[in-house]
Amino acid sequence: MRAMFSHPAVLFLWIQSASGWVHPKCQIYDSGDDLGHFRIWTCTHLPRHAEHYTAACEDVTTIEEDLLGLPPNINTLCISMKHGENRSMSLGFFSQFQDLEYLYIKGCFNQILPTGNSHLSNLQHMSLIGKWRIDSECCDCHIGPNTFRDLVKLSHLIIWGYSLSAMAPDVFHGMTQLQSLIIRQPCVDDLSEVLCRIMNIKSLIELNIEAPEIQSLNQSNCSILNTNESMTPVFNNLAFSDFSFGEITHIEEGALAWLQKLTRLSGAFSQEVLLRLPLSGIQQIQYFSCSGSNEIDIESICNVVFLLSIKEIFLPNDIISSLSVSSVELCVGLEYMYLHGPGIFHSTLYLEWHFISSLKNLNQLTIDGLSDNRLDICSFQKQPITWLTELTLRLNKLHMLFAKQFICLVTLQYLDLTQNLISNIEDFAFLGLIDLVSLDITSNKITQINANTFFGLHSLTWLDLRNNPLIHNIEAMSFTHLTSLRQVFLGQVNNPLTEPVIKLNLTLIFGAILSQLTHLYISSAMRPMQLTIGSNITSKQNLSLQLKGQTVSFEDCDRPFFQSVTHLHADAEEFLCGSEFMGKFFTSVETFYYRSKLTAKRVDLTSINQLIHLRRLTLRQVDLLTQRSADIIFHNLTKLEVLELDNCRIFSLEGSLTKDLKSLKRFHLHIENIYNVFYSFTEPLSSLKYLTFDNLQMFCSCDNAWLITWAKGCRQVEVIMLSPYTYPIMYALEDLICLLDNGIDTPNFVRYTEANCTTEVGFVLFAATGLGVLFFMLVVLVHNLAGPYLLPLYHITLGWLSEAMRSNTRGRYHYDAFVSYSGKDERWVVEELLPNLEQRGPPFLRLCLHSRDFQLGKDIVENITDSLYRSRHTVCLVSRHYLHSNWCSLEMKLATSRLQVEQRDILLLVFLEKIPPRRLSAHHRLARLVKTRTYLDWPLDPNQHQAFWDRLWAKLKPPTEA
């Protein structure tokens with residue numbers, strides 16, 4: 001099959017048949033489930049599991065020209081315009097897509113025209129993204145009156161990075177079905193510029209305005225606002241709204257009265273503006289964020305909170321100086337408070353922790369960036385705090401947790417102490433937290449975990465201790481009393497450097513609760529780690545196990561505990577049980593991630609093919625070149641759906657690797673070395689949908705030419721090319737490069753195949769016309785041209801018949817072995833081979849050498865064939881000279897043909913010198929033999945020569961008479 005696609009005529013016809021429907025700038029998807037970087041940069045708000053027929057287009061310059069030929073029945077269209085182009089766009093162009101529901105366009109236009117007489121009757125969501133960075137200038141795009149009026153079903157509209165000042169005041173008029181409007185970065189400094197254009201959208205349910213440049217609201221600037229009717233609400237159906245402004249300096253009295261249902265308000269309000277903020281008419285605000293460069297007293301903020309019944313508040317620590325009971329008396333309705341400082345060591349906020357006692361409705365408190373190093377949250381509380389459920393204290397320079405530190409927080413469920421400086425946790429520090437379900441102490445400096453460190457946390461289900469690199473001791477039974485624990489992240493365990501290997505007995509640490517865990521993470525950073533289960537305990541859950549270390553090994557690999565692991569993540573140079581690969585003992589695993597190092601010692605990974613339940617397999621930095629047969633690793637994996645080879649090495653990709661991957665849907669390849677991709681590679685992949693080549697490095701060869709035409713012609717599979725050198729990271733097939741044999745030149749692969757692997761139409765017609773003439777000419781010339789090879793064919797055929805008719809081969813052979821070697825290796829044959837084989841016995845071997853035993857005057861090919869079939873074995877002495885010899889190549893071909901016919905162990909390979917894998921891969925027949933058969937290497941150490949001759953002589957000696 002591979003040879004068929006290397007034929008120039010067939011390749012040319014295939015290209016012609018595929019070019020009729022392939023689009024140069026667009027990719028077609030059956031659904032929006034996996035759009036890769038399109039979802040991040042273009043199809044931003046597309047529902048993740050939308051079952052839509054989607055077209056995603058990049059580097060578009062002119063929509064009307066570049067999008068011609070797209071299927072008319074697409075549901076979603078995502079367009080990314082080329083940067084630096086000034087252009088206009090007509091919405092009428094999209095009317096040809098009658099089923100279009102989602103339209104996303106990223107790029108600037110100087111003008112957007114209405115649909116005209118056309119209609120987009122099914123369009124529901126539209127997004128216009130111009131400049132999405134805060135520091136970028138907005139797009140000055142002229143959009144005239146009633147431009148969106150004919151979009152009769154449009155319910156969601158996003159305008160991002162477009163200057164509203166360039167739009168007509170009545171640009172949104174006539175949109176009777178619009179329910180959600182998001183405007184971000186409209187490049188205006190007065191809110192009236194926005195309000196004037198949206199006042200007449202009566203159907204709005206959700207309104208989001210994010211305008212960091214807005215500093216004021218002057219309703220006198222807008223004729224619609226500057227009327228007596230402006231005091232009445234205009235958005236009667238509005239259920240959710242979110243306003244985010246810049247540093248507000250002026251808001252006119254009553255300017256917000258028109259917006260009765262505003263729910264979120266944020267801005268950089270000064271103390272003066274905050275005190276005279278017009279609050280009448282906006283009693284529905286639930287979230288308030290205040291920031292600025294000047295200090296504001298907390299009483300002023302709480303006055304706003306009290307009058308508006310605000311439930312959530314966000315305050316940077318740099319705008320307030322203190323927080324006490326008296327300062328928060330008016331904040332009694334708060335349910336969530338977030339105090340965010342400028343960072344650790346720089347905050348100046350002073351806290352009197354008993355301020356919490358006056359906030360009876362507060363259930364979530366987050367404080368970041370305190371300078372205090374002692375947490376006195378319960379020291380001054382006379383009564384238990386029965387309302388707080390979540391407490392987050394990040395970047396607060398806490399050094400120590402004392403006994404009964406949180407005893408007053410009896411209803412606390414979530415405690416976050418990440419990114420502090422905690423080095424010591426006293427026994428019973430968490431006593432009293434009977435409802436706590438989640439405890440996060442990551443990124444601290446904890447040194448030891450005692451048996452009573454977590455005493456009393458009977459409801460705890462999540463415990464995270466990652467990024468504590470100083471843990472050197474975990475006492476026995478430290479977690480046994482945590483009867484509800486399900487997920488544990490234990491790392492980084494770092495025993496004293498005097499111990500070369502970190503040893504952990506999991507049963508000793510966790511006890512019986514080991515059987516109920518659903519997620520277990522253990523890390524020893526860059527040190528070796530040895531784990532012991534220590535009992536026959538079996539997990540009752542589908543366990544997710546994550547292990548990280550320089551090397552990770554197990555002592556008792558046959559424990560039933562390993563059979564309960566369904567998700568396995570191993571990050572280690574070596575993952576071992578003794579000297580074997582540990583992966584094979586996880587017989588129930590469905591997801592397996594293994595990261596090694598390309599420089600790691602070789603460990604046989606063949607046992608991965610025993611994990612027959614695998615659905616997702618990721619191998620990262622694994623050198624498959626060192627495996628005896630990399631192809632066999634993936635056999636039997638009939639349930640595998642996702643396969644990732646990331647930063648790995650491999651000889652080639654062919655059908656023997658993928659023959660059992662019938663269920664594979666996604667295949668990601670990032671191979672470090674240069675390799676070949678043969679056509680047989682994709683034949684077994686009947687379920688494949690996505691094939692990703694990351695940094696593809698191919699040889700410039702017509703054997704690889706099929707990939708271009710296959711990628712364009714196979715509608716079922718999306719082929720994605722990624723490059724680490726370009727942005728965006730995805731590039732077209734036309735930009736694919738290849739490497740010549742010298743490894744220097746990198747020509748364009750498409751141009752290479754066109755120049756070397758395709759044929760002009762005229763030549764194809766000429767070849768077809770002359771085919772009959774050539775056939776008769778070949779009949780006449782065949783005897784003269786192929787005469788020397790007819791006799792070998794006769795002998796091979798005779799050998800087949802003899803083998804089929806005779807079951808007893810005793811006495812049939814004249815020689816014990818036919819020796820195939822290069823004449824330049826004659827000296828080694830005479831000085832080493834003959835003395836150690838023919839002169840050793842009994843029995844004495846008889847070898848057939850071309851320099852000694854070929855009949856004089858006889859045709860060389862006939863001599864080779866006769867000698868080979870009159871010998872019991874064939875010994876090939878492989879060297880660099882051997883690889884360059886045409887006669888040796890012929891002898892190898894005839895010997896392998898005999899091997900395929902007789903199906904007996906009659907061919908022996910002896911390597912006289914080390915040959916690099918890249919040079920060996922060029923000789924496909926020999927490379928396949930090396931992968932599948934045991935061979936001998938001539939040892940450089942003289943002390944090993946005798947063992948070498950013993951093995952070879954034992955293999956070649958004739959069978960013992962019965």
Side-chain angles (χ1 to χ4, degrees), residues 792 795-796 798-800 802-803 806 808-856 858 860-879 881-883 885 887-913 925-926 929-930 932-939 944-961:
H795 284 283
I796 292 175
L798 185 61
W800 292 350
S802 299
E803 187 67 19
R806 299 177 55 187
N808 184 8
T809 61
R810 191 178 306 160
R812 167 184 164 188
Y813 301 107
H814 188 68
Y815 300 101
D816 293 296
F818 170 71
V819 183
S820 173
Y821 65 97
S822 170
K824 295 182 180 180
D825 298 322
E826 182 87 29
R827 182 176 179 180
W828 188 89
V829 173
V830 174
E831 295 179 358
E832 296 287 349
L833 185 69
L834 294 180
N836 286 282
L837 292 184
E838 282 196 339
Q839 300 174 17
R840 173 177 179 170
F844 295 93
L845 301 181
R846 185 171 183 181
L847 306 180
C848 179
L849 309 179
H850 69 261
S851 60
R852 182 186 66 183
D853 300 305
F854 277 14
Q855 296 182 29
L856 297 177
K858 193 174 183 179
I860 295 179
V861 178
E862 186 178 354
N863 258 323
I864 294 174
T865 308
D866 285 344
S867 300
L868 190 145
Y869 275 88
R870 295 175 67 194
S871 303
R872 181 177 290 104
H873 296 88
T874 299
V875 178
C876 296
L877 306 180
V878 183
S879 66
H881 301 311
Y882 188 94
L883 297 180
S885 172
W887 291 116
C888 292
S889 177
L890 177 60
E891 292 171 354
M892 171 67 72
K893 182 177 181 180
L894 293 173
T896 53
S897 298
R898 181 190 175 194
L899 178 66
Q900 293 172 356
V901 172
E902 297 188 8
Q903 294 294 316
R904 293 190 297 106
D905 190 12
I906 59 175
L907 179 60
L908 302 177
L909 297 178
V910 177
F911 281 80
L912 301 183
E913 56 187 338
R925 189 180 298 272
L926 183 56
L929 287 174
V930 170
T932 57
R933 304 187 66 80
T934 305
Y935 56 88
L936 289 175
D937 288 317
W938 172 246
Q944 299 180 17
H945 286 180
Q946 188 57 45
F948 170 86
W949 294 119
D950 290 342
R951 291 185 64 189
L952 187 56
W953 185 87
K955 183 63 179 177
L956 297 179
K957 70 178 182 178
T960 306
E961 295 289 334

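In summary, Glu838 and Arg852 engage in a salt bridge, as defined by a charged side-chain N under 4.0 Å from a carboxylate O. For the pair Arg872 and Asp816, the salt-bridge criterion is met [side-chain N within less than 4.0 Å of a carboxylate O].
Under the 4.5 Å side-chain criterion, counting only non-hydrogen atoms from C-beta, Leu883 is in contact with Leu926. Residues Lys858 and Asp866 are in side-chain contact: their nearest non-hydrogen atoms beyond the backbone lie under 4.5 Å apart. With a 4.5 Å cut-off on side-chain heavy atoms, Ser820 and Tyr882 count as touching. Annotation: side chain of Leu868 is in contact with side chain of Thr874 (closest heavy-atom distance under 4.5 Å). Val878 has its side chain out of reach of Tyr935: every pair of non-hydrogen atoms, C-beta onward, lies at least 4.5 Å apart. Between Trp953 and Pro843 there is a side-chain heavy-atom pair separated by less than 4.5 Å. A heavy-atom distance below 4.5 Å is not found between the side chains of Ser822 and Leu877. Between Leu912 and His881, every side-chain heavy-atom pair lies at or beyond the 4.5 Å cut-off.
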(request) Under the side-chain contact (heavy atoms from CB on, under 4.5 Å) rule, what do Trp887 and Val861 come out as? Steps first, then yes or no, please. (result) CA-CA 9 Å; Trp887 291 116; Val861 178; 4.1 Å; yes
(request) With side-chain contact (heavy atoms from CB on, under 4.5 Å) as the test, would you mind laying out the steps for Met892 and Leu929 before giving the verdict? (result) CA-CA 11 Å; Met892 171 67 72; Leu929 287 174; 3.8 Å; yes
(request) Under the side-chain contact (heavy atoms from CB on, under 4.5 Å) rule, what do His850 and Ile860 come out as? Steps first, then yes or no, please. (result) CA-CA 9 Å; His850 69 261; Ile860 295 179; over 6 Å; no
(request) Would you sort out whether Ser851 and Glu826 count as a side-chain contact (heavy atoms from CB on, under 4.5 Å), showing the intermediate values? (result) CA-CA 9 Å; Ser851 60; Glu826 182 87 29; 3.1 Å; yes
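The two residues Cys848 and Asp853 make their nearest non-hydrogen contact at CA-OD2, 3.3 Å.
Judged by distance alone, the side chain of His945 and the main-chain N or O of Pro939 form a donor-acceptor pair under 3.5 Å. The main-chain N or O of Lys893 is found under 3.5 Å from a side-chain atom of Thr896 such that the two form a donor-acceptor pair.
Taken to the nearest 0.5 Å, the CG atom of Leu834 stands 5.5 Å off from the CG atom of Leu849. Within the model, atoms CD of Gln839 and CG of Leu833 stand 10.5 Å from one another, a figure rounded to the nearest 0.5 Å. To the nearest 0.5 Å, atom CG of residue Leu847 and atom OG of residue Ser867 are 12.0 Å apart. The CG atom of Leu837 lies 10.5 Å from the CD atom of Glu832; values are rounded to the nearest 0.5 Å. In this structure, Leu936 CG and Arg951 CZ are separated by 5.0 Å, a value rounded to the nearest 0.5 Å.
Cation-pi geometry between Arg840 and Trp949 is not met at under 6.0 angstrom from the ring centre and within 45 degrees of the axis.
In summary, the side chains of Tyr821 and Glu891 do not present any donor paired with an acceptor at a separation below 3.5 Å, with no hydrogens or angles considered.
By the 30° and 60° cut-offs, the orientation of the rings of Phe854 relative to Phe818 is parallel.
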